[in-house]
Amino acid sequence: MKIKRIETFTTRQLSVVRVTSEDGLQGYGQIAPYHANISALVLHQQVAPHALGADADEIEALAERVIREEHKFPGSSICRAVGGLDTALWDLKGKRQGKSVSELLGGKPDKVKIYGSSMKRNISPKDEADRIQRLMETQGIEAFKIRIANNFASDVDVYPGRSEEVVREVRAAIGDKTQLYVDANSGLTPAKAIETGKMLAQYGVCHFEEPCPYMELEWTKQVADALDIPVTGGEQDTDLAQFRRMMKMRAVDIVQPDICYVGGLSRALEVAKMAEAAGMICMPHAANLSMLTVFTMHMVSAIPNAGKYMEYTIEEDTWTKGLFIEPLIVSDGYVQVPQGPGWGITVNPDWLEKAEYQCSEY
């Protein structure tokens, strides 16, 4: 069945993709958030010409063909756009077969256990600890991730001593049995990251994410080699060859592809397979409540090397409000994977109607 039409419904932050096949069946996906209006243009101008008229069931091959054909534009812009197409085609395939994406992958759309992921650095350590403690008590979440260092700040903390202060406050609030993760968002050089990692070990931190600038694999490897705490990374990476290098050199202990950044579910699954072959855990990055979280829930419910917990933001972003008819709900530390065909969710028609519309047709 050929791809007949590709439509986008776009705000600056978010772009929903709708793909229609020759028989009129439709699937919904999403371009990676943030400056999604630019990625929507890339989808219509550079991706759609390769996709229109192609076989809608050849999802993996089509994603790689587009990236190969657009090799003069490697990286994030093409991969974000391809991810929108790829995720819509997975929804379409699931609807055609009457199966959830999880089932297409050999999994079951059961509940997945989450870790609560904080996105804030502009919050006092005490306020961070208080809100995490409330979520632990009211939603039964048993693992949390907080932000340390400063985003790409070359060893400059938000203010001197904040990293240790927030780790100390949160650990005191959640107790010793709750798992604590931290994310430095590329904020440290190797020496400072190693020093910080030794401090984190004293507080029982069990996940040190992106300690060094993500493109500096050799720097990250220095940190991973020096610490007992698992070092994680990969959310920003879009090149499968880079993931191969990352795993071969053991720059990280756990890989974290982002389905929307890397170019869709097909390519994220390829990263997970590489990690499985290397004996490594794959914990996909999912830092907002857009369709990305739904995609990730289906993926982790099916792959054999998913971590114990899936990332789930504790923030409420205004730009994702009202996106779905059926809201996701955290209960006892779990979220239910949507069980209908495809992604199992309904994009809100009111949200689509208010967005900017573009269409490419075969």
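Not measured: the values here are computed from a predicted model.
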Does the pair [X]/[Y] count as a salt bridge with the N-to-O cut at 4.0 Å?
{"X": "Asp127", "Y": "Arg131", "value": "no"}
{"X": "Arg162", "Y": "Glu165", "value": "no"}
{"X": "Arg134", "Y": "Asp130", "value": "no"}

Going by heavy atoms in the side chains, are [X] and [Y] under 4.5 Å from each other?
{"X": "Leu92", "Y": "Ser21", "answer": "yes"}
{"X": "Arg267", "Y": "Asp86", "answer": "no"}
{"X": "Arg171", "Y": "Ile174", "answer": "yes"}

* List the steps, then state whether salt bridge (charged side-chain N to carboxylate O under 4.0 Å, His left out) holds for Asp350 with Lys354. => CA-CA 7 Å; Asp350 291 341; Lys354 294 173 184 176; over 6 Å; no

* Asked: Can you name the side chain to side chain donor-acceptor pair (under 3.5 Å) partners of Gln202, sequence neighbours left out?
  -> none

* Pairing residues for Lys4 by the side chain to side chain donor-acceptor pair (under 3.5 Å) criterion, not counting sequence neighbours -> none

[X] (side chain) donor-acceptor with [Y] (main chain) under 3.5 angstrom:
{"X": "Arg80", "Y": "Gly75", "value": "no"}
{"X": "Gln30", "Y": "Met291", "value": "yes"}
{"X": "Ser102", "Y": "Ala302", "value": "no"}
{"X": "Asp237", "Y": "Asp239", "value": "no"}
{"X": "Asp155", "Y": "Thr189", "value": "yes"}
{"X": "Trp219", "Y": "Pro213", "value": "no"}
{"X": "Asp183", "Y": "Arg147", "value": "no"}
{"X": "Glu169", "Y": "Pro125", "value": "no"}
{"X": "Glu235", "Y": "Gln256", "value": "no"}
{"X": "Asn185", "Y": "Gly187", "value": "no"}

* Taking everything shown except Gln45 itself, do over 12 heavy atoms lie less than 6.0 Å from its CD? -> no

* Excluding sequence neighbours, so at least two apart, what forms side chain to side chain contact (heavy atoms under 4.5 Å, CB included) with Lys108? -> Asp110

* Asked: Aromatic ring centroids of Phe9 and Tyr357 under 6.0 Å?
  -> yes

Heavy-atom closest pair, residues [X] and [Y]:
{"X": "Ala306", "Y": "Val300", "value": "CB-O, 3.8 Å"}
{"X": "Thr313", "Y": "Ala287", "value": "CB-O, 3.9 Å"}
{"X": "Ala268", "Y": "Met299", "value": "O-CE, 3.5 Å"}
{"X": "Ile194", "Y": "Val223", "value": "CG1-CA, 4.0 Å"}

* Once the angle between the rings of Tyr309 and Tyr181 is folded into 0 to 90°, is it parallel (under 30°), tilted (30 to 60°) or perpendicular (over 60°)? -> perpendicular

* To do: Take Arg96 and Asp23 through the salt bridge (charged side-chain N to carboxylate O under 4.0 Å, His left out) test and state the conclusion after the steps.
  => CA-CA 10 Å; Arg96 178 166 286 116; Asp23 60 354; 2.9 Å; yes

* To do: Please report the C-alpha distance between Glu195 and Lys192 in whole Å, then the side-chain angles of each, then the deciding distance to 0.1 Å, and finally whether the salt bridge (charged side-chain N to carboxylate O under 4.0 Å, His left out) criterion is met.
  => CA-CA 5 Å; Glu195 175 189 325; Lys192 184 63 174 177; 3.3 Å; yes

